[in-house]
Amino acid sequence: MKVIMPQIGMTMQEGIINQWFKNDGDRIEKGEKMVEIGTEKLTNEIEAPASGIFHPIAGVGDSIPCGDPIAEIEE
């Protein structure tokens with residue numbers, strides 16, 4: 001399953017990966033904290049949408065447009 005950059009606010013165009021809470025290859029459970037995303041105005045923690053093996057696509061500090069993939073979870 002591909003995890004995309006969410007659109008947190010109506011005007012959000014892109015988000016910055018501030019921190020991953022899991023490392024590549026770690027097991028992650030649905031609902032567990034996965035990533036911290038920053039915007040111009042706020043910072044949000046995003047939960048995993050599924051359980052499985054976590055693989056980040058984007059790196060810390062990367063600015064990713066909303067709707068683009070940031071990670072993959074192998075179920």
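Note that the numbering runs from 1 along the sequence shown for the chain. Computed from a predicted structure; not experimentally measured.
- Taking the side chain as every heavy atom from C-beta outward, V60 and N18 never approach each other to under 4.5 Å.
- In this structure, CD in E14 is found 12.0 Å from CD1 in I37, a value given to the nearest 0.5 Å.
- Here the side chain of W20 pairs a donor or acceptor atom with the backbone of A58 at under 3.5 angstrom.
- A 4.5 Å side-chain heavy-atom check between M34 and F21 finds every atom pair outside the cut-off.
- Within the structure, no pair that satisfies the ring-ring contact (aromatic ring centres under 6.0 Å, His included) test touches residues 56-75, not counting sequence neighbours.
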Give every donor-acceptor pair under 3.5 Å between a side-chain atom in residues 64-75 and any protein atom, sequence neighbours left out.
unit_1 : atom_1 : unit_2 : atom_2 : d
E72    : OE1    : K2     : NZ     : 3.1
E74    : OE2    : H55    : NE2    : 2.9

- Message: side chain to side chain contact (heavy atoms under 4.5 Å, CB included), that's the test. Do I17 and V35 meet it? Break it down for me.
- Response: CA-CA 7 Å; I17 306 293; V35 63; 4.0 Å; yes
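- Rounding to the nearest 0.5 Å gives a distance of 11.0 Å between CG of D62 and CD1 of I57.
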- Item | Stepwise side chain to side chain contact (heavy atoms under 4.5 Å, CB included) test for R27 and K22 | CA-CA 8 Å; R27 174 130 186 107; K22 292 288 185 174; over 6 Å; no
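- Across M12 and M5, no two heavy atoms sit closer than the pair CE-SD, 4.1 Å.
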List, one per line, each side-chain donor-acceptor pair under 3.5 Å for residues 40-52, sequence neighbours excluded.
unit_1 : atom_1 : unit_2 : atom_2 : d
S51    : OG     : E29    : OE1    : 3.2
S51    : OG     : K30    : N      : 2.8

